[in-house]
Engineer: 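One structure, pasted below without further comment.
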Amino acid sequence: MPTPAAPPPAPVVDPVAPVLAWYDEHARELPWRAPDRTPWGVLVSEVMLQQTPVARVEPAWRAWLERWPTPADLAAAPTSDVLRAWDRLGYPRRALRLQECARVLVERHGGHVPDDEAALLTLPGIGAYTAAAVRAFAFGRRAVVLDTNVRRVLARAVDGVALPAPAQTVAEVARAAALVPADDATAARWAQASMELGALVCTARAPRCPQCPLASSCRWLAAGRPDDAHAHRRRAQPWAGTDRQVRGRVMALLRGAPEPVPAAALSDAWPDTAQRDRCVRSLVADGLVAELDTPDGPAYALPA
DNA sequence: GAGACGTGGCC
DNA sequence: TGGCCAAGTCT
């Protein structure tokens with residue numbers, strides 16, 4: 001009897017079919033998934049969803065697409081309007097880049113969102129994740145969509161660990177790519193379904209394993225859901241008193257100001273002069289704030 | 001590749 | 001109560 005020269009690899013149940021079936025039953029109805037969505041709408045949703053929860057994005061997305069339904073509309077808008085519409089979604093540089101992106105689409109892509117990954121990757125604010133997501137969700141094409149949700153699902157189900165490594169590796173992308181179904185439609189659906197599973201069931205905290213379609217094959221669950229081996233690996237996110245918070249305060253003040261704000265009045269945003277000045281300078285350098293010369297001295301406003 | 005970059009809700 | 005987390009990107 002011939003015997004294998006090497007032990008067979010550990011059996012791993014293919015997660016794709018169970019997750020697709022689960023998604024058929026449990027997918028949320030989100031506006032950027034509606035049949036009448038446009039590639040531009042999908043792109044806007046993906047940028048807004050970068051580090052911002054669905055619940056806060058949904059109303060902002062609806063208002064945004066109502067106001068600027070095409071890239072040309074956003075490209076032509078005053079940046080101050082764009083930043084005010086972004087409101088408190090956070091990371092306002094995303095709004096700036098989204099408008100830059102719209103202008104590139106108008107100037108170089110006929111006002112349309114391209115469907116190939118290389119072209120998408122050249123757009124401002126579009127990185128590896130978003131390029132893949134737009135390709136899959138807007139155009140139904142095959143792409144390796146590897147976001148924090150998918151990374152967590154695969155870390156648990158396949159690797160048997162609580163959380164993925166802090167940094168994404170080439171090997172991890174290759175492993176994820178190997179799981180992506182070959183045909184466009186199924187690949188796009190797998191991307192959506194695996195993300196949804198991570199968002200609704202295989203969550204970072206308090207995962208709902210009894211409701212998981214992978215419960216019978218998940219290595220992490222089988223191992224008794226061991227704790228994260230890299231516990232405390234993440235730096236605590238800075239909060240009180242940081243430049244990040246001060247920048248947010250300044251932006252909030254300027255969003256609410258109908259007229260340019262004199263330099264002295266910026267103290268309402270933050271009392272510490274040195275830190276405030278440093279932050280205002282960085283905001284000007286980032287293009288998020290305009291410095292104007294007035295007869296009474298410098299004043300600040302959202303960029304026109 | 002580590003660090004910067006907003007905001008708010010949840011357990 | 002407050003640390004952790006949310007569909008990342010850029011430098």
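None of these values were measured; they are calculated from a predicted model. The basis for the numbers below is simple: all heavy atoms, side chains too, and nothing from hydrogens, waters or symmetry mates.
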Engineer: Considering only atom P, compute the distance from C:dT11 to B:dG6 and round it to an integer number of Å.
Structural biologist: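 The same atom, P, in both gives a distance of 14 Å.
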Engineer: Write out all pairs satisfying side chain to side chain donor-acceptor pair (under 3.5 Å) with one or both partners inside residues 67-82 of chain A, taking only residues at least two apart or from two chains.
Structural biologist: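 Pairs touching residues 67-82 of chain A that pass the test: A:Arg67-A:Asp81, A:Thr70-A:Asp73, A:Thr79-A:Gln99.
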Engineer: Partners of A:Arg247 by salt bridge (charged side-chain N to carboxylate O under 4.0 Å, His left out), sequence neighbours excluded?
Structural biologist: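 Salt bridge (charged side-chain N to carboxylate O under 4.0 Å, His left out) list for A:Arg247, sorted by chain: A:Asp286.
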Engineer: OP1, OP2 of C:dA6 versus side-chain N and O of A:Gln51: anything below 4.0 Å?
Structural biologist: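 So the side-chain polar atoms of A:Gln51 never come under 4.0 Å of the phosphate oxygens OP1 or OP2 of C:dA6.
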Engineer: Mind listing the N/O atom pairs, protein and nucleotides 9-11 of chain B, below 3.5 Å?
Structural biologist:
none

Engineer: Can you list every pair that meets side chain to side chain donor-acceptor pair (under 3.5 Å) and has a residue in residues 261-270 of chain A, with sequence neighbours left out?
Structural biologist: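 Pairs touching residues 261-270 of chain A that pass the test: A:Trp270-A:Gln275.
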Engineer: Rounded at 0.5 Å granularity, tell me how far CG in A:Leu120 sits from CD in A:Glu46.
Structural biologist: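 Answer for the CG-CD pair, A:Leu120 versus A:Glu46, is 11.0 Å.
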Engineer: A:Ala204 side chain: which of C:dC10, B:dG6, C:dC5 is closest?
Structural biologist: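 Closest nucleotide to the A:Ala204 side chain: C:dC5.
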Engineer: Would the base of B:dG8 count as contacting A:Thr52 through its side chain, where contact means a donor and an acceptor less than 3.5 Å apart?
Structural biologist: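 No, the side chain and the base share no sub-3.5 Å donor-acceptor pair.
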Engineer: In residues 127-142 of chain A, which ones come under 4.0 Å of DNA chain C, going by heavy atoms?
Structural biologist: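 The stretch gives A:Gly127, A:Ala128, A:Tyr129, A:Thr130 as the residues lying under 4.0 Å from the strand, ordered by number.
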Engineer: So, does A:Arg88 get its side chain near the phosphate of B:dG8, meaning an N or O under 4.0 Å from OP1 or OP2?
Structural biologist: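 For B:dG8, OP1 or OP2 has a side-chain N or O of A:Arg88 closer than 4.0 Å.
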Engineer: Using a strict heavy-atom distance below 4.0 Å, which residues from residues 32-49 of chain A are in contact with DNA chain C?
Structural biologist: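 Result for residues 32-49 of chain A: A:Trp32, A:Arg33, A:Glu46, A:Leu49, sorted by number.
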Engineer: Report which part of the nucleic acid A:Arg28 touches: base, sugar-phosphate, or nothing (heavy-atom distance under 4.0 Å, all strands).
Structural biologist: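 If one applies the 4.0 Å heavy-atom cut-off, A:Arg28 turns out to touch a base.
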Engineer: Under 4.0 angstrom, heavy atoms only, what part of the nucleic acid is A:Leu121 near: base, sugar-phosphate, or nothing?
Structural biologist: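 No contact at all - A:Leu121 keeps every heavy atom at 4.0 Å or more from the nucleic acid.
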Engineer: For the P atoms, the ones on B:dC10 and on C:dA7, what distance do you get once it is rounded to whole angstrom?
Structural biologist: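 So the two P atoms sit 15 Å from each other.
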Engineer: List the atom pairs, donor and acceptor, that lie under 3.5 Å between side-chain atoms in residues 204-213 of chain A and the rest of the protein, sequence neighbours left out.
Structural biologist:
{"from": "A:Arg208", "atom 1": "NH1", "to": "A:Leu200", "atom 2": "O", "distance (Å)": "3.1"}

Engineer: So, using side-chain hydrogen bond (donor to acceptor under 3.5 Å, both in side chains) as the criterion, who are the partners of A:Arg56 when residues are at least two apart?
Structural biologist: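 side-chain hydrogen bond (donor to acceptor under 3.5 Å, both in side chains) check on A:Arg56 returns nothing, list empty.
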Engineer: For A:Arg93 and C:dC10, is the shortest distance between a side-chain N/O and OP1 or OP2 below 4.0 Å?
Structural biologist: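 Checking A:Arg93 against C:dC10: no side-chain N or O falls below 4.0 Å of OP1 or OP2.
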Engineer: Taking salt bridge (charged side-chain N to carboxylate O under 4.0 Å, His left out) as the definition, give me every residue that meets it alongside A:Glu107, ordered by chain and number, with sequence neighbours left out.
Structural biologist: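 Partners of A:Glu107 under the salt bridge (charged side-chain N to carboxylate O under 4.0 Å, His left out) test: none.
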Engineer: Tell me, please, which residues at least two apart from A:Arg135 pass salt bridge (charged side-chain N to carboxylate O under 4.0 Å, His left out).
Structural biologist: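 Listed in chain order: A:Glu117.
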Engineer: Would you indicate what A:Leu89 reaches in the nucleic acid, counting non-hydrogen atoms under 4.0 angstrom: base, sugar-phosphate, or nothing?
Structural biologist: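 Base: the residue A:Leu89, judged by heavy atoms under 4.0 Å, touches a nucleobase.
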Engineer: Can you run down the ring pair (Phe, Tyr, Trp, His ring centres under 6.0 Å) pairs that involve residues 22-48 of chain A, sequence neighbours left out, and say none if there aren't any?
Structural biologist: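 The answer is A:Trp22-A:His26, A:Trp32-A:Trp61.
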Engineer: If you find the nucleotide of DNA chain C closest to A:Arg152 and the one closest to A:Gln50, which residue's nucleotide is nearer the 5' end?
Structural biologist: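 Its nearest nucleotide being more 5', the pick is A:Arg152.
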Engineer: Output all residues satisfying salt bridge (charged side-chain N to carboxylate O under 4.0 Å, His left out) with A:Arg175, sequence neighbours left out; order by chain, then residue number.
Structural biologist: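 With neighbours one apart ignored, the set is A:Asp159.
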